[in-house]
**Student:** 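There's a structure below that I have some questions on.
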Amino acid sequence: MSTNPVHYSSGSVNSAHPGFAPARTGSSRPARPAQLDPALTEKMAGGMDPEEINEMSHASAQAMLDRVHHTQDPQIVERVLTLVDREGVDIIAELWSRSEPDSLPGILWRLYLLRTWMRKNQRSLASLYRIAEPEDTAASAIAGVDTPPTAEDIVHTADSILSGAFTGDFAVALERASAFIDVIARGLAIRAKMLTRQARKVEAAETARREAHMRDLQHEVEAAEAAQAAQRVADEAADGNNADRHNHDHDGNNAAANRYNSALSDADARYRAGKGPASSAGPASNDPRTVAARLLHTGSNLMTTSTDFRHGASLWRQGKLE
C-alpha cells in the first residue's frame with residue numbers, strides 16, 4: 001500500500017528468539033510492551049540472512065500479538081499501537097515488509113502501514129469516503145465509519161482497526177480494514193471518472209476552437225484566391241500595367257495560404273504524435289487524464305491489499321495465519 005493522492009502503492013499493506021522482548025522485571029507478565037531486542041537491531045543494521053529475517057519476522061509478530069492479547073494494561077496497547085511512530089517505519093519494514101501477505105507478519109505490516117497512511121491522508125480520505133458512501137451501507141457498518149466522516153473520524157477508525165487487531169477479534173479487524181479500503185478504492189474510481197469527463201469536455205472545446213480557427217483560415221485563403229482570380233480578369237481587360245497591384249495581391253494570397261498550411265501542419269504533427277488537440281489543462285502532471293490514471297492505479301493497488309486482508313481473515317479463522 002502506498003501513501004501518493006493522493007500519494008496513494010502495493011503489490012497487494014518458527015524457531016529463533018523473538019525479535020520483541022519484554023522488559024525484565026522478574027514477573028512473568030511484561031510491565032511494558034515488547035520492544036525490539038538491541039541485539040536484533042544490531043544484526044539487522046549490519047545485514048542478515050533472509051532466512052533469519054523470515055524466522056524472526058514470524059516469531060516477533062506472533063510474540064507481540066500473543067502478549068498484547070494476554071494483557072489488560074491500556075498503556076501496553078497504546079505502545080503497540082504507536083510502534084511505528086516510536087520506532088520508525090524503517091526498522092519495522094526491515095523485519096516485516098518482505099513477509100508474504102498471507103502470513104501474520106505480512107498482515108501486521110499492512111495494518112501498520114494502513115494506520116500510518118490513513119492518519120497522513122485523513123482529509124483526502126474523508127473526502128473520498130463521502131464521495132463513495134453518500135449514505136450508510138453495509139461497507140460502512142463493517143468498517144465502523146459513520147457517514148459522512150470527518151478527518152478526525154478517519155484517524156479514529158485507523159486507530160480502532162489496529163487496536164482491535166490486538167485486543168479484539170483479529171479477523172474482524174482485518175475485515176474492517178478491507179471494507180474501508182474497498183470504499184476508498186470506489187471513491188478513487190468515481191473521482192477518476194469525473195476527471196475523465198472533465199478531460200473530454202476540455203478536449204472537445206479545444207477541438208471545436210481549433211476547427212473554427214482552421215475554417216477561418218480556409219475562408220481567408222478562399223477569399224484571397226477569389227480576389228486574385230477577379231484581379232486577373234480585371235488585368236486582362238484593362239489596358240494599363242497592373243503588375244504592381246497584381247504582385248501585392250499575390251503576396252497577400254501566399255501569406256494567407258502559408259498561415260493555413262502552417263496550422264494544418266501543426267495539427268497533423270500533433271495527431272501523428274498521438275497528442276490530439278492541445279490541452280489547456282496545463283502541465284501533464286495536472287492533466288485530468290493523467291491524474292485519473294494515477295487514481296485508478298492507486299485504486300487497483302488498494303483492491304489488492306483489500307483482498308490480502310480478507311484472505312488473512314479467512315486464514316486466521318482457520319488457524320492457518322502464522
Side-chain angles (χ1 to χ4, degrees), residues 1 3 13-14 16-45 48 53-99 103-122 125 143-144 151-177 180 305 309 312-313 316 321-322:
M1 179 176 302
T3 57
V13 176
N14 299 334
H17 73 287
F20 291 84
R24 299 300 180 184
T25 63
S27 169
S28 59
R29 175 175 163 181
R32 56 178 180 162
Q35 300 179 22
L36 282 176
D37 189 317
L40 172 60
T41 304
E42 292 177 6
K43 288 183 180 180
M44 290 167 59
M48 291 180 58
I53 293 179
N54 181 60
E55 291 181 1
M56 289 182 179
S57 67
H58 284 265
S60 60
Q62 186 61 56
M64 186 170 71
L65 187 63
D66 182 67
R67 284 170 182 159
V68 177
H69 268 146
H70 287 82
T71 182
Q72 300 297 321
D73 189 339
Q75 291 185 351
I76 292 180
V77 177
E78 177 64 20
R79 286 177 64 84
V80 169
L81 181 66
T82 59
L83 178 63
V84 171
D85 301 338
R86 292 180 295 101
E87 302 289 351
V89 71
D90 291 339
I91 196 167
I92 308 301
E94 180 72 20
L95 191 62
W96 288 349
S97 66
R98 297 171 187 163
S99 301
S103 68
L104 182 59
I107 285 294
L108 284 176
W109 168 243
R110 283 158 177 77
L111 280 174
Y112 274 106
L113 280 189
L114 176 65
R115 175 182 178 271
T116 301
W117 179 69
M118 289 172 66
R119 293 176 67 90
K120 182 178 180 180
N121 299 283
Q122 54 188 268
L125 291 178
E152 291 73 20
D153 291 332
I154 298 299
V155 171
H156 173 73
T157 300
D159 290 346
S160 66
I161 288 175
L162 184 58
S163 63
F166 287 98
T167 62
D169 188 320
F170 193 77
V172 169
L174 297 184
E175 288 169 343
R176 289 185 62 196
F180 178 84
T305 302
F309 283 138
W316 179 263
L321 189 66
E322 300 177 347

**Student:** Any side-chain heavy-atom pair from Gln62 and Glu322 closer than 4.5 angstrom?
**Tutor:** no

**Student:** Taking His70 for the side chain and Asp66 for the main chain, is one N or O donor matched with an acceptor at less than 3.5 Å?
**Tutor:** yes

**Student:** Evaluate the criterion side chain to side chain contact (heavy atoms under 4.5 Å, CB included) for residue pair Met64 and Leu83; output intermediate values, then yes/no.
**Tutor:** CA-CA 11 Å; Met64 186 170 71; Leu83 178 63; 4.0 Å; yes

**Student:** Looking only at heavy atoms, which two atoms of Arg86 and Val80 are closest? And how far apart?
**Tutor:** NH2-N, 4.3 Å

**Student:** Between the side chain of Ser103 and the main-chain N/O of Gly106, is any donor-acceptor distance below 3.5 Å?
**Tutor:** yes

**Student:** Please round to the nearest 0.5 Å and tell me the distance separating atom CG of Leu321 and atom CD1 of Ile107.
**Tutor:** 6.0 Å

**Student:** Tell me if a side-chain donor or acceptor on His69 pairs with a main-chain N or O of Phe166 at a distance below 3.5 Å.
**Tutor:** yes

**Student:** Please test Asn121 against Ile154 for side chain to side chain contact (heavy atoms under 4.5 Å, CB included), starting from the C-alpha separation and ending with a verdict.
**Tutor:** CA-CA 9 Å; Asn121 299 283; Ile154 298 299; over 6 Å; no

**Student:** Keeping Thr167 on the side-chain end and Ser163 on the backbone end, is there a donor-acceptor pair under 3.5 Å?
**Tutor:** yes

**Student:** The criterion is ring-ring contact (aromatic ring centres under 6.0 Å, His included); which residues satisfy it with Phe170, sequence neighbours excluded?
**Tutor:** Trp316

**Student:** Go through the structure and list residues passing side chain to side chain donor-acceptor pair (under 3.5 Å) with Ser160, not counting sequence neighbours.
**Tutor:** Arg176

**Student:** Could you state the interatomic distance from CG (Asp73) to CD (Glu78), rounded to the nearest 0.5 Å?
**Tutor:** 11.0 Å

**Student:** Determine the minimum heavy-atom distance between Leu65 and Ala165, stating which atoms define it.
**Tutor:** CD1-O, 3.6 Å

**Student:** Return the CG to CG distance between Leu174 and Leu111, rounded to the nearest 0.5 Å.
**Tutor:** 5.5 Å

**Student:** So, Ser57 versus Trp109: side-chain donor-acceptor pair below 3.5 Å or not?
**Tutor:** no

**Student:** Output the distance between atom CH2 (Trp96) and atom CE (Met56), rounded to the nearest 0.5 Å.
**Tutor:** 14.0 Å

**Student:** Passes side chain to side chain contact (heavy atoms under 4.5 Å, CB included), Met118 versus Leu125? Steps please.
**Tutor:** CA-CA 7 Å; Met118 289 172 66; Leu125 291 178; 4.0 Å; yes

**Student:** Rounded at 0.5 Å granularity, tell me how far CG in Leu95 sits from CG in Asp90.
**Tutor:** 13.0 Å

**Student:** Nearest 0.5 Å, please: how far is OG1 in Thr157 from CD in Glu152?
**Tutor:** 11.5 Å

**Student:** Could you work out, with side-chain contact (heavy atoms from CB on, under 4.5 Å) as the rule, every residue matching Asp159, not counting sequence neighbours?
**Tutor:** Leu81, Arg115, Arg119, Val155

